[in-house]
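Data block below; observations after.
Letters A, B, ... are given to chains in the order of the sequence lines, protein chains preceding strands, and every chain is numbered from 1.
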Amino acid sequence: MDPLGLLPAALGVVAAWVTIGLAGMLAPRSTRWVAHGLFPLGAVGSALMAGVGLAALLMPATSMVLPVGLPGLPMHLRLDALSGFFLFLLGASSVGISVFAAGYFRSGEGTAPGLLGLQYHVFLAAMCMVMLAADAYTFMVAWEVMALASYFLVVSQHRIAEIRSAGFTYLLLAHLGAIALLLCFGVMMQGGGNGLTFAAMRLDHLSLAWSSLAFGLATVGFGAKAGLVPLHIWLPEAHPAAPSPVSALMSGVMLKTALYGLLRVSFDLLHAPVWWWGVPLLVLGLFGGLFGVLFAAVQSDMKRLLAYSSIENIAIAFAAMGLALVFHGVGMPVLAALALAAMLYHLLNHAFFKSLLFLATGSVLHATRQRSLGHLGGLLRRMPWVGWTALVGTLAIAGLPPLNGFVAEWLLLQAFLFTPRIPEPFFNMLIPLGAAVLVLTAALAAYVMVKFYGVIFLGNHREAQLEHAHDAGWLERFGLVWLAAGCVLLGILPGLVLQMIDHVNVSLLGQALAQSGNWAWLVPMSAQRAAYNPIVVLAAGLLVIAITVWGTHRLYTGRTRRADPWDCGSPDQTARMQDTAEGFGQPIRRLFEPFFQTHVELPAPSDIAPRYRVAVVDRFWAQVYTPLGNAVLWLAQQVGRIQQGRIAIYLLYSFMTLLVLLMVVVR
Amino acid sequence: MNPSGLFTQLFAVTVSVLIAPLFSGWVMQCRAWLSNRTAPPIWLPYWRLRKLFHKDAVLAHTATPLFRAVPYILFGVMVAAAAIIPSLSTDLPFASAADAIALVGLFALGRVFIALAGMDIGTAFGSMGSRREMMVGFLAEPALLMVLFTSSLITGSTLLPTIAEALQSRALGIHASLAFAGVAFVMVLLAENARIPVDNPTTHLELTMIHEAMVLEYSARHLALIEWASSLKLFNYACIGFALFLPWGMANRADGVLWLLPALPPLVLKLAVAGFAVGLIETLSAKLRIFRAPEFLATAFLLAVLGLLVRLMLGD
């Protein structure tokens, strides 16, 4: 069944992580012990986990029952291709994050390093357990441990009030999601018997209404964790609040556990998807993508910008999954495999480039103590390692060939191009609009990333103290280079990655891609239809560039003189004349005015110290969450009326309750 | 990969790279005639390139290696794009490695790099140009993709040579969807190549420029490469237009190497007509205010989507 012992190996890594975390408590204040000693060990665990995940992709599913848990309900674990894929994603990206964290965490910043190390490794372990769980109880326990560990990591700087409130919002939405998930599992357990295990749920055949209800609850529950609009509001608050390696782990890995869960529930447990289940996912995904990228365009805090960009990326993954559900439901399994592969590819990419960018912001934060884009600039010259690796991440997330972001975009667009074959005329009509929104989102993402990179790393220092910014240490460099290398490899070896992803397709859909290419070619349907080979494109481009460089320097003078910037002859240059983040986002703010709620503060002409201030507010706060909060308060006040503070009245309530109960019992 | 395909590929790319400045010179001449000026010689772009290549480059103190690498990257990107787009022949072995979506990706790569270079020196005009370039780009890129999608829905492929071949083999009928797409494509072409309704690189006011504002800090060989890449971009766009809307006269896979020569006159003819049309549009229209440009491009985007809808709903 499991000749390689993959499942025990995965559990071993999980146990090792918990042990590493606990070992940190031996000397919680010693940065050397915790950061330089234990975090690299954790990274070794991550590498092992990546190996286990990769092996599990190729092997048949294995399962295991651990003799611990509730009475009569031992823990069920299962490792199949889907879990294997996500374990690989977790392991491969967290190697870089953990090594970076080893160089990043210092003492004297909020929570003691030892405690932070414990929370960090428990967080990793809990995410793995989520992917290994094969019964509702284990799943929910792991899910909650994951939420709590990440909550404590978010509030590690708990002395700052803003961070406490960000943590509160996160905890609130995490629990709203968890309630929806509990209800979802409840609906799926109706079959009776040993209904808590996933194996039993798989055997149940729910009616369409019940399974649709379960799917809806799962969408809400997992959507809250993934930051699906309109449940996204915790995300732009929590990501900037957390230390950068934690943001990387939350955005790069934790958001994916939600998509793992939704895939598990919809394709595996409720194994009879209906095509229109995909429609809400598609609509929410496309809307969320546009929403996220538009808000990212107007942010002036670098980590908030990345958080909104995560909302966009995850929303696109939701849209791809919606498309896969539609294809699966109308009986087009090959196309469903294509859409699903696009989604999984995108998730893998996002784990690498978003972690990379969050880590880069961490280095910038340490070097400059600035999070606001308005105070940065010109860091490529001061921090070459961070700058150049961040450039790779920037190009990758902007979806440019030959890096990894483009491959997923390419696959998804191909999937969209096939939709006209769906036998649902009305749906067909909406598809071009969906494709249009998708490409608009992708093009806007490039805009956002040029702003992000240009304002932080290019140009001149906006503040004098940036002159002393230092580059990242060698542990941090390793983490950055690891993730950047991942972006490049995933970009230029698409055929190989697709072969890996195809095992998930086979296990979930029973259908492989019609890929006819080898490791370098991407040919998802047929060579006549569409093909892409990044290695050839890259090689041709590099060849042309080499010839051009050689030709220019060989045939013409290669002399270069350095001078002051010309700038159309204006002599008095200051760094304040460069475009700011607000300036760069201004066209988007103006063009999509109805989307935003903007407050602009213009100085009066007579102002001696004029200040221009602009703030963009998420409409969902004002129009959904604040009314909701007010409604809850109002309800609480109504309920509060029966609280009189007098013992006699409370006794009366008890007496009346008893009376009513007796009446029920007697009847 | 057969040798004749390889030869065709190299020949087509070389021809594109060499005659692209000529095409820019032709457009310039047409504009001059239409506005009653004495036209500059058609070879002017070559002279300019030669002059620039012979100068010493001046770089700002603040320039990073990124700034110096961008002209080469941009030129490489445009040559790679020229290798995908069928101009003389549809027998392009390299084109099977990159389809229409990858082509749009390549253009986006070039745009992002030049926008980053514009921000690199840290001058006021440079970053303003980058911002505007990205603003034009984020609307033009989806519109171009939608145009390409329409034709790939008609032909069942996203590979440009296959699209061109499929459209070539049809009768001279006009697809209603392609008519919408054609109008949208012309609008995108004007916007993406710094042409008049959207941008005017030859004005004396840096404040109104988009493309030129980004490259103000470049000089000598770097500027030469950027200008060459820009004319190659215009040439590439024209050839995309021919492949989608006027695919006649091209050699195809079945023809041998010798068929490349008869394919030259039709290409020159098409370029002459297209260059004149671009010059005419530029002479007849006024430059839009910068915040009118998105409306212009949004119209192009909507037209392209409309084309796609017509194709899907009416099957035309």
Max heavy-atom pair count under 4.5 Å with chain A, selected residue of B:A98, B:A80, B:G156: B:G156
Side chain to side chain contact (heavy atoms under 4.5 Å, CB included) between A:L395 and B:F113, worked out: CA-CA 9 Å; A:L395 298 177; B:F113 266 114; 3.6 Å; yes
Top contributor to chain A interface from B:S157, B:P142, B:A97, B:G76 [non-hydrogen pairs under 4.5 Å]: B:A97
Nearest-0.5 Å distance that lies between atom CE in B:M134 and atom CD1 in A:I588: 9.5 Å
Backbone N/O of B:L59 and side chain of A:R562: donor-acceptor pair under 3.5 Å: no
Toward chain A, the part of B:T62 with a non-hydrogen atom under 4.5 Å: both
Considering all heavy atoms, the nearest A:A443-B:F138 contact: CB-O, 3.5 Å
Engaged part of A:L391 at the chain B interface, taking heavy atoms whose separation is under 4.5 Å: side chain
B:R132 versus chain A, the contacting section by heavy-atom distance below 4.5 Å: neither
Check: A:W388 and B:P65 side chains under 4.5 Å, non-hydrogen atoms: yes
Interface moiety of A:L380 toward chain B, non-hydrogen atoms closer than 4.5 Å: side chain
Contacting moiety of A:A563, where chain B heavy atoms sit under 4.5 Å: both
Minimum side-chain heavy-atom gap A:L413-B:F149 below 4.5 Å: yes
Donor + acceptor pair across side chains of A:T560, B:R221 (<3.5 Å): yes
Side chain proximity check, A:L440 to B:L139, heavy atoms < 4.5 angstrom: yes
Chain A contact via B:T162 - which portion, at a heavy-atom distance below 4.5 Å: side chain
Side-chain heavy atoms of A:Y453 within contact of B:M119, under 4.5 Å: no
Where A:L458 and B:L116 come nearest, the two heavy atoms and their spacing: CD1-O, 3.1 Å
Which atoms of B:V77 approach chain A - backbone, side chain, both or neither, heavy atom under 4.5 Å: neither
Test item: A:W566 and B:I121 side chains (from C-beta on) under 4.5 Å apart, heavy atoms: no
Nearest-0.5 Å distance that lies between atom CE in B:M135 and atom CD in A:Q586: 9.0 Å
Nearest non-hydrogen partners of A:P587 and B:R131, listed with the distance: CG-CD, 3.6 Å
Value rounded to 0.5 Å, distance of CD1 in B:I101 from CD in A:E409: 8.5 Å
Note, B:F94 side chain near A:V536 side chain (heavy atom, < 4.5 Å): yes
A:V439 vs B:M146, side chain to side chain contact (heavy atoms under 4.5 Å, CB included): CA-CA, chis, key distance, verdict: CA-CA 9 Å; A:V439 292; B:M146 287 292 136; 3.7 Å; yes
B:T123 and A:Q578 side chains, donor-acceptor separation under 3.5 Å: no
Max heavy-atom pair count under 4.5 Å with chain B, selected residue of A:A435, A:A530, A:A540, A:G583: A:G583
Nearest-0.5 Å distance that lies between atom OG in B:S130 and atom OH in A:Y447: 10.0 Å
Interchain contact, A:R576 with chain B, by part (heavy-atom threshold 4.5 Å): neither
Gap between atom CZ of A:R381 and atom OG1 of B:T64 - 0.5 Å precision: 7.5 Å
Test log, rule side chain to side chain contact (heavy atoms under 4.5 Å, CB included), inputs A:D567 and B:L216: CA-CA 7 Å; A:D567 201 23; B:L216 276 173; 5.5 Å; no
salt_bridge(A:R561, B:D56) N-O dist < 4.0 Å: no
Inter-residue atom distance B:L74.CG - A:T548.OG1, 0.5 Å rounding: 11.0 Å
Nearest heavy atoms of A:F584 and B:S127, plus distance in Å: CE1-O, 4.1 Å
Which portion of A:L591 sits near chain B, non-hydrogen atoms under 4.5 angstrom: side chain
For A:P401 against B:L106, the heavy-atom pair lying closest together: CG-N, 3.8 Å
Any side-chain heavy-atom pair of A:F457 and B:L66 under 4.5 Å: no
Side chain / backbone / both / neither for A:A546 at chain B, heavy atoms under 4.5 Å: neither
Contact origin within B:A63 toward chain A - heavy atom pairs under 4.5 Å: both
Nearest heavy-atom neighbours spanning A:A446 and B:V112: CB-CG2, 4.2 Å
Best-contacting candidate, B:A102, B:A117, B:A108, against chain A by heavy atom pairs under 4.5 angstrom: B:A102
Choice from A:L403, A:L433, A:N460 maximising heavy atom contacts with chain B below 4.5 Å: A:N460
Side chain / backbone / both / neither for B:F291 at chain A, heavy atoms under 4.5 Å: side chain
